[in-house]
Amino acid sequence: MANVVVVGGGFGGATAAKTLRSLAADLNITLIEPKADYITCPGSNWLFAGLTSLPQLTVDYLALKQRHGIRLVTDSVKSIDRDRRRLRLTSGQDLAYDRLILSPGIAFQWDAISGYTAAMANVFPHAWQAGTQTTLLVRQLQAMPAGGVVLIVAPPDPYRCPPGPYERASMMAYWLKQHNPRAKIIILDPKRGFSKQALFEAGWRQHFRYGTADSLIEWHSLADNPITQLDAQTHTVISDFGDRFRGDVLNIIPAQTAATLASEASLTDKSGWCPVNPQTSQSLFDPYIHVIGDAAHFAPIPKSAFAANSEAKACAIAVYSLLNEQTASTANWLNICYSLITPEHGISVAGIYELDGEHAVAAVREAGGVSQVGSPELPILEADYARSAYQSLVNNSFR
């Protein structure tokens, strides 16, 4: 019986382990994850509007263990010995693998904004990993003085969950409209545009007076003048040209790369992400290691939980085929991302992907797309779909 080790218990890793078990009852599958419980990043923006709670966003791994017979190791990986195909865990334990599936997530580039460090994130939270950071930012929002300003410093591409900063602004604005209506949210963006921009801006105009002098939300592209410095003492961020922006609440979301484990194992390239053979998810630097989820380069597939779930299924099929010395079937992928502008106004973007003639990932033409506009009922339906899609994704990945 072959040994397959999965590192990372998020949507990618959990789905890969579960899918492998459905393909092979006699396979030795080990899932390594340092946390006993997992707080989902999808849905975490809803905390700012009071629509959910951390316990409602928390899942465990009991079903994977008890229902699917996956061995769980609550630990973290200290290093990967690629030559010997062994993992050294933080506890000192060694694990051998025939195939290794890495879904380690992201790391932050703490040097991207001078003055913004991992320690400073406890003062000005990024909240891009759900849990205590999210709770801290929620409390800061709710304690902000009347008429205060929230600064959201969005990250450059590529990063986890492209619509995330803009859904967060929407959920914050929904709460502020009720409790602090003279407040303002200012998004400082290093990009010229963002995911579902037309849909977000239409929703902001409808609900938050976007585009007027008293709008709850302002979006500013700083593509030629990005934020480069934090003055923590004055709650001010400073741009490359010296422009200063002060806020009562600062939500700084740093630039991102693949998790440190991947870079230390020399599985990343100069982009900071892990290049893979998309057909099998095999690392271009090690054929016995498969990388999925946010750490992997599957562009143009975005870095999302739904995409990680889809990549994990294709990866599991490929691993099963390789272990049985079979040709892997042609991979296809699906991504759909819902966002809430208010509890009763949802929007979405979907994409279907396949390999093109050059064996690169490409979007299927005339498939997927964004929400239609014009129907007053559709945003309400999409808001319901957003909640249903979240629960279905959790169930599909962890239960």
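Residue numbers run from 1 in the order of the sequence given.
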From CA spacing to verdict: side chain to side chain contact (heavy atoms under 4.5 Å, CB included), Thr74, Glu33:
CA-CA 5 Å; Thr74 307; Glu33 166 57 47; over 6 Å; no

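- Nearest heavy-atom pair, Gly105 versus Ala295, reported as atom, atom and distance to 0.1 Å: O-CB, 3.4 Å.
- No hydrogens or angles considered: nothing links the side chains of Thr58 and Asp37 as a donor-acceptor pair under 3.5 Å.
- In terms of heavy atoms, Thr15 sits closest to Ser397 at OG1-OG, 3.1 Å.
- Side-chain atoms of Thr40 and Tyr390 include a donor-acceptor pair closer than 3.5 Å.
- Taking every heavy atom of both residues into account, Tyr116 and Pro254 meet most closely at CE2-CG, 3.6 Å.
- Contact between Gly43 and Thr52 at its shortest, heavy atoms only, is O-CG2, 3.7 Å.
- Between Tyr174 and Phe208, the distance separating the two ring centers is not shorter than 6.0 angstrom.
- Looking at heavy atoms from C-beta onward, His235 lies out of side-chain contact with Asp248 at the 4.5 angstrom threshold.
- The side-chain heavy atoms of Ile289 and Leu267, taken from C-beta on, include a pair separated by under 4.5 Å.
- Panel note: side chain Lys303, backbone Ala296; a donor-acceptor pair is recorded below 3.5 Å.
- At least one test fails for Lys313 against the ring of Trp333: distance under 6.0 Å to the centre or angle within 45° of the axis.
- Within the 4.5 Å cutoff, the side chain of Ile185 has no heavy atoms near those of the Glu218 side chain.
- If you take CG on Leu72 and CD on Gln66, they are separated by 9.5 Å, rounding to the nearest 0.5 Å.
- A donor and an acceptor atom, one from each side chain of Ser53 and Gln56, are located under 3.5 Å apart.
- For the residue pair Tyr97 / Asn28, no side-chain donor-acceptor distance below 3.5 Å is found, with atom types taken as modelled.
- In this structure, Ser388 contributes its side chain and Tyr385 its backbone to no donor-acceptor pair below 3.5 Å.
- Counting heavy atoms of neighbouring residues, nucleotides and ligands inside a 6.0 Å radius, atom CD of Glu366 does not exceed 12 of them.
- Side-chain polar atoms of Glu167 and Asn45 form a donor-acceptor pair below 3.5 angstrom.
- Side-chain polar atoms of Thr280 and Gln282 form a donor-acceptor pair below 3.5 angstrom.
- For the residue pair Ser170/Trp204, the side-chain donor-acceptor check at 3.5 Å is satisfied.
- No donor-acceptor contact under 3.5 angstrom links the side chains of Ser221 and Lys191, judged on distance only.
- Ser239 and Asn225 are linked by a side-chain donor-acceptor pair at a separation below 3.5 angstrom, with hydrogens and angles left out of the test.
- Between Arg88 and Asp94 there is a salt bridge, with a side-chain nitrogen of the basic residue lying less than 4.0 Å from a carboxylate oxygen of the acidic one.
- Tyr210 places none of its side-chain heavy atoms less than 4.5 Å from the side chain of Phe200.
- Looking at Arg244 and Asp231, a side-chain N of the basic residue comes within less than 4.0 Å of a carboxylate O on the acidic one, giving a salt bridge.
- Counting non-hydrogen atoms of neighbouring residues, nucleotides and ligands closer than 6.0 angstrom, the CZ atom of Arg246 exceeds 12 such neighbours.
- Salt-bridge check for Asp224 with Arg192: passed, with a basic side-chain N closer than 4.0 Å to an acidic carboxylate O.
- With no hydrogens or angles considered, a side-chain donor-acceptor pair links Ser348 and Glu382 at under 3.5 Å.
- Considering all non-hydrogen atoms of both residues, Ala16 and Ala312 come closest at N-CB, 3.6 Å.
- Within a 6.0 Å sphere centred on CD of Gln372, other residues, nucleotides and ligands contribute 12 heavy atoms or fewer.
- Rounding to the nearest 0.5 Å gives a distance of 6.0 Å between CZ of Arg205 and CD of Glu201.
- Within the cation-pi definition used here (under 6.0 Å to the ring centroid, within 45° of the axis), Arg85 qualifies as a partner of Tyr288.
- Annotation for Ala183 and Leu216: closest pair O-CD2, 3.2 Å, computed over non-hydrogen atoms.
- Between the side chain of Asn324 and the backbone N or O of Tyr320 there is at least one donor-acceptor pair closer than 3.5 Å.
- Remark: Met120 CE to Leu250 CG distance equals 11.0 Å, nearest 0.5 Å.
- Between Ser44 and the options Leu57, Thr135, Leu54, a side chain to side chain contact (heavy atoms under 4.5 Å, CB included) holds for only Leu57.
- With values rounded to the nearest 0.5 angstrom, His359 atom NE2 is found 9.5 Å from Thr330 atom OG1.
- Between the Lys18 side chain and the Arg399 main chain, a donor and an acceptor come within less than 3.5 Å of each other.
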